[in-house]
Amino acid sequence: MAYGDGPLLVLAGAGSGKTRMLTHRIAHLIATRRAWPSQILAVTFTNKAAREMRERVESLLDSRDQRVWVATFHSTCVRILRREITQLGYQTSFAIYDQSDSLALVKRVLRSMNIDEKGWPPRSVRSEIDRFKSRGMLPNEVIADGSLHDEQIGQIYRQYQTELRRANALDFGDLILLTVRLFENHPGVLETYRRRWQHILVDEYQDTNPVQYRLLRLLTGDSQNLCVVGDEDQSIYRFREADIRNILDFEKDFPGAKVVRLERNYRSTQAILDAATAVVSNNTERKGKTLYTDREGGEPIRFYEAADERAEAAFVVSELLKSVDAGASLGDSAIFYRTHAQSRPFEEELLKYNVSYVVVGGTRFYDRAEVKDALAYLRVLRNPDDTESLMRIINRPARGIGRTTVERLLMLSEEDGTSLHRAVERARDERLLSGAAAKRVPAFLAVLDRLRDQSAYDDSVATLLAAILEQTGYLRALQQDTSVEAEARLENLQELLSAAEEFERANRAAASQRDASQRDATQSDAAAGPRAEGDPVGELDLDEGPQNLIDLFLEQVTLFAAVDNLTEDDDRLPLMTAHVAKGLEFPTVFLVGVEEGLVPHFASQSDPAALEEERRLCYVGMTRAMDRLYITHATMRRMHGSVRYNPPSRFLAEIPAEFGVGRPRPGRSESFDSPRSSGAGPGEPRVDYSDSQLPADESPGAGTSGATGTRVEHPVFGAGTIVEVSGAGAGTKLRIRFDRAGMKTIVLRYAQLRMLP
DNA sequence: TATGACATCGTTTTT
DNA sequence: CGATGTCATA
């Protein structure tokens with residue numbers, strides 16, 4: 001790892017130890033005195049990755065030195081902007097809008113521009129704006145060089161941006177884009193940060209988008225001390241403008257770049273690795289690499305075709321229970337799917353057997369309505385101009401400020417070109433309101449004022465949150481509601497309070513640690529190690545300065561990713577999308593729903609580049625598995641209320657037969673319309689259909705009419721007695737009375753029945 | 001102004 | 001299917 005200065009590209013295959021590479025390089029830079037800890041910036045995409053890297057750097061340095069800056073793109077930019085954003089005309093206490101805030105704002109903008117949501121679906125408008133931001137484009141640029149459609153989107157984008165500024169708010173895209181603009185328009189500021197960070201390291205470089213690329217170039221400057229680590233085969237964020245060309249063209253962009261390939265896989269068995277490689281090697285957009293492992297052989301990949309999504313879940317859970325019986329713990333396995341919506345049947349099945357599980361992602365805790373409400377109060381206290389938040393809470397709990405009143409106040413704010421809060425204050429001061437609102441609006445403002453006073457002399461976020469819930473009557477309203485939903489909400493709010501307390505604990509600990517290491521730096525020399533003496537961190541210490549605890553808490557929960565919560569020692573079965581799974585590994589992996597329409601997804605089937613990304617996604621899913629990999633799909637699947645028959649994914653046909661057992665039965669894919677049949681193209685078919693689910697000789701009732709009364713065992717329902725046989729051949733159905741699970745109707749063809757003596 | 005019944009509608013992945 | 005929006009009604 002002893003590569004020195006200059007651009008460095010590390011092509012790190014799946015499971016090749018890229019975090020190890022990164023952390024060792026950091027340690028090496030420090031040990032060889034190429035850089036002080038504070039001169040190193042390491043950027044990741046998730047907080048979890050950042051935390052892991054930070055911990056490993058600390059253990060390598062045998063130090064609690066916090067001054068290596070390891071953080072996500074987004075939180076790094078937030079930290080910079082909190083210091084510098086006044087140069088761009090925003091206030092330091094800016095709010096950060098997540099996707100749902102941003103969507104609400106788009107809707108409001110469309111209404112104010114009299115644009116029909118039918119022709120301009122807010123969700124796609126929001127995502128288009130976001131993608132323009134990811135490409136570094138401002139409204140004018142969108143309007144200038146686009147189609148008619150782009151021109152109109154550009155107009156909406158411009159108005160949206162105006163409203164954000166009025167609210168003193170930034171969306172996720174702004175965090176990066178505004179930082180880039182700050183650096184581009186204020187060379188002096190850029191210079192400060194360039195001096196601070198002499199070496200930059202980037203994790204998951206294949207997922208960077210154009211504006212992130214621009215940011216890295218700006219920060220790198222002439223030093224060219226940029227080390228990027230990535231794997232083009234794991235680029236799966238095209239939809240948010242991640243550009244695989246960034247990694248493919250790195251050597252062109254940074255002439256003289258050294259290239260290192262990490263091709264030894266420390267994770268998976270040969271069978272898993274070879275199968276995954278076989279799939280991804282069908283892509284054209286790749287540099288190509290040859291992964292190898294010492295773990296020769298290994299269990300074959302287990303394929304399973306289920307009748308429908310419930311049978312798929314039943315199979316997975318029964319296999320899981322077998323492994324638990326054999327002594328595995330639940331956290332050793334994981335279920336990966338393409339879309340969050342697929343989690344339900346698995347959850348139901350797991351509940352049935354009392355298996356504890358955790359859905360990673362999906363509806364986030366911080367997206368729950370009551371949690372968002374509470375946070376909206378916090379945000380308004382910090383930044384009254386945050387109109388989205390104010391609109392959220394102005395009548396929650398119900399305080400008689402209804403739609404009409406809000407509408408009127410909103411109009412007032414538009415006339416004045418101010419935030420809603422300003423308009424509300426003006427309405428109060430100039431007595432512009434009549435009727436009930438004339439009393440209720442000032443009363444609401446008074447509550448906010450009182451809370452703001454309180455926050456001024458007590459900086460505990462948890463205390464403030466509790467005061468908010470108390471004094472606004474929010475808690476009381478929920479307590480009076482006896483429904484189970486209200487009870488769940490109260491619990492969630494309690495959890496939020498705990499999170500705030502935990503945040504404060506962690507924050508205090510970090511602060512005192514910083515103080516301690518600062519004392520070390522000034523008081524001792526040799527004892528503090530090579531990093532302390534002469535470290536120029538004082539020039540620009542991002543941990544210091546005007547950090548408001550509430551802001552810090554809010555940005556932490558807003559930039560919080562689902563996966564950030566996942567810990568190694570959690571003994572629950574994790575369920576997640578393949579996207580979320582990237583970067584993780586499990587002894588056993590169930591990759592489910594590997595069907596045309598899901599993997600590859602409908603939306604990606606017509607675009608070759610998108611199709612390659614789906615293939616990479618499949619690759620990512622497969623390469624998470626260390627020892628055992630299951631790949632399943634369902635013949636029939638209920639999606640959005642209707643029934644779909646999806647053929648097995650074309651990617652399955654790309655896996656050489658020798659690596660798997662339990663392939664789909666023949667005759668299936670032919671009877672359905674598949675964009676490209678699952679045949680493997682020219683040459684002999686690579687799919688081995690010989691190993692069907694139920695060997696004929698074990699098949700109860702097959703060809704016999706006297707099956708009634710036969711004792712059978714079902715992998716999920718256990719032992720039972722056949723009480724009725726209907727239909728014949730593949731469509732044979734059995735009524736079985738299970739000893740424990742009761743009466744069930746089972747389609748013979750799909751059930752893994754075993755005859756009992 | 002709040003609530004509930006009804007219709008509609010779009011269907012991925014996320015910092 | 002389920003989330004979201006719209007409309008009518010109390």
Side-chain angles (χ1 to χ4, degrees), chain A residues 43-50 71-78 96-100 102-104 107 111 117-118 121-124 126-127 130-131 133-134 170-177 203-204 207-209 211-212 234-242 309 336-342 344-345 360-364 366-367 369 395-407 435-437 440 555-564 576-582 593 597-605 610 613-614 616-618 620-621 637-644:
Chain A
V43 198
T44 64
F45 276 87
T46 67
N47 298 297
K48 180 170 189 281
T72 64
F73 271 104
H74 288 84
S75 51
T76 302
C77 288
V78 171
I96 302 170
Y97 278 9
D98 69 13
Q99 224 162 134
S100 67
S102 156
L103 182 65
K107 287 178 183 170
R111 271 196 297 274
E117 291 193 3
K118 289 230 163 55
R123 293 178 64 93
S124 38
R126 196 210 65 79
S127 109
D130 193 49
R131 277 164 40 217
K133 289 186 177 183
S134 296
L170 275 61
D171 64 14
F172 284 171
D174 282 344
L175 294 178
I176 319 281
L177 182 52
D203 190 22
E204 308 276 19
D207 286 328
T208 50
N209 62 32
V211 69
Q212 285 162 337
Q234 295 186 61
S235 173
I236 54 172
Y237 286 102
R238 220 175 76 98
F239 67 91
R240 61 177 198 218
E241 297 293 303
E309 72 280 357
F336 302 158
Y337 35 71
R338 180 60 172 77
T339 68
H340 286 298
Q342 288 167 256
R344 173 157 289 144
V360 187
T363 313
R364 286 160 69 249
Y366 295 109
D367 285 339
N395 198 32
R396 221 170 297 178
R399 49 172 69 88
I401 304 178
R403 221 186 50 135
T404 341
T405 308
V406 174
E407 210 62 43
R440 286 160 172 169
E555 78 197 36
Q556 215 169 84
V557 304
T558 307
L559 298 178
F560 182 86
V563 72
D564 294 341
M576 67 193 93
T577 64
H579 280 88
V580 172
K582 192 173 69 159
L598 285 171
V599 190
H601 195 267
F602 304 111
S604 304
Q605 294 193 335
E613 177 143 313
E614 298 284 329
R616 292 192 289 267
L617 192 58
C618 188
V620 166
R637 185 178 292 278
R638 276 161 281 261
M639 297 172 82
H640 338 287
S642 64
V643 172
R644 288 201 60 97

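In what follows, every chain begins at residue 1, and chains take the letters A, B, ... in the order their sequences are listed.
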Between A/D171 and A/K133 (salt bridge meaning N to carboxylate O under 4.0 Å), is one present in this structure?
yes

- Is there side-chain contact between A/E117 and A/P122, with heavy atoms separated by less than 4.5 Å? yes

Looking at B/dT1, I'd like to know if its phosphate oxygens (OP1 or OP2) sit under 4.0 Å from a side-chain N or O belonging to A/T405. yes

Mind checking A/F560 for me? I need base, sugar-phosphate or nothing, with any heavy atom below 4.0 Å counting as a touch. nothing

Taken to the nearest whole Å, CZ/A/R616 to C1'/B/dT13 is 13 Å

Checklist entry - Taking side chain as C-beta onward, heavy atoms only, is A/L175 less than 4.5 Å from A/L559? => result yes

The side-chain contact (heavy atoms from CB on, under 4.5 Å) partners of A/V557 (sequence neighbours excluded) come to A/Y366, A/L375, A/F553

By nearest-heavy-atom nucleotide on DNA chain B, the more 5' of A/R126 and A/R123 is A/R123

Exercise. Is the phosphate of B/dT14, meaning OP1 or OP2, less than 4.0 Å from a side-chain N or O of A/T577?
Worked result: yes

### Query
Do A/R338 side-chain and B/dT12 base share a donor-acceptor contact under 3.5 Å?
yes

Once you apply a heavy-atom cut-off of 4.0 Å, does A/T404 come out as touching a base, just sugar-phosphate, or nothing?
sugar-phosphate

Whole-Å distance, A/K133 NZ to B/dT14 C1', equals 16 Å

(message) Using a 4.0 Å heavy-atom cut-off, does A/F45 contact any base of the nucleic acid, only the sugar-phosphate backbone, or nothing at all?
(response) sugar-phosphate

To the nearest 0.5 Å, atom CD1 of A/I96 lies from atom CZ of A/F172 at 7.5 Å

Between A/R338 and A/E614, does any side-chain N to carboxylate O distance fall below 4.0 Å?
yes

Between CG of A/D207 and P of B/dT14 the distance, given in whole Å, is 12 Å

| query | At under 4.0 Å between heavy atoms, what does A/N395 touch on the DNA or RNA strands: base, sugar-phosphate, or nothing? | reply | sugar-phosphate

P atom, C/dT4 versus B/dT13: distance in rounded Å? 14 Å

Q) Quick one: is B/dT11 close enough that its OP1 or OP2 comes under 4.0 Å of any side-chain N or O from A/T339? A) no

In whole angstroms, the gap separating C1' of B/dT11 from CD of A/Q605 amounts to 14 Å

Report which part of the nucleic acid A/A398 touches: base, sugar-phosphate, or nothing (heavy-atom distance under 4.0 Å, all strands). sugar-phosphate

note: A/E407, atom CD; B/dT1, atom P; distance rounded to Å ~ 11 Å

- Would you kindly check whether a donor in the side chain of A/Q99 faces an acceptor in the base of B/dT15, or vice versa, at under 3.5 angstrom? yes

Readout for nucleotides 1-10 of chain C: B = base within 4.0 Å of protein heavy atom, S = sugar-phosphate only, - = neither; 5' to 3' it is BS-SS-----

Is any side-chain N or O of A/H601 closer than 4.0 Å to OP1 or OP2 of B/dT11? no

Under the 5.5 Å and 30° test, is A/F73 stacked on the base of B/dT15? no

Separation of B/dT12 atom P from A/L598 atom CG, nearest Å, is 10 Å

Of A/D130 and A/I401, the one whose closest nucleotide on DNA chain B sits nearer the 5' end is A/I401

Carefully, step by step, assess A/Q99 and A/S102 under the rule side chain to side chain donor-acceptor pair (under 3.5 Å).
-> CA-CA 5 Å; A/Q99 224 162 134; A/S102 156; over 6 Å; no

In whole angstroms, the gap separating P of B/dT13 from OH of A/Y337 amounts to 10 Å

Check: Under 4.0 Å between a Lys/Arg side-chain N and an Asp/Glu carboxylate O for A/R637 and A/E309?
Finding: no

Run the ring-ring contact (aromatic ring centres under 6.0 Å, His included) check on A/F239 and A/H601 step by step: do they pass? CA-CA 13 Å; A/F239 67 91; A/H601 195 267; over 10 Å; no

Q. Under 4.0 Å: is that the gap between some side-chain N or O of A/N209 and OP1 or OP2 of B/dT15?
A. no

Here the distance between atom P of B/dT14 and atom CZ of A/F172, to the nearest Å, is 13 Å

message: For a quick check of understanding: with a heavy-atom distance under 4.0 Å over all strands, which category does A/S127 fall into, base, sugar-phosphate or nothing?
response: nothing

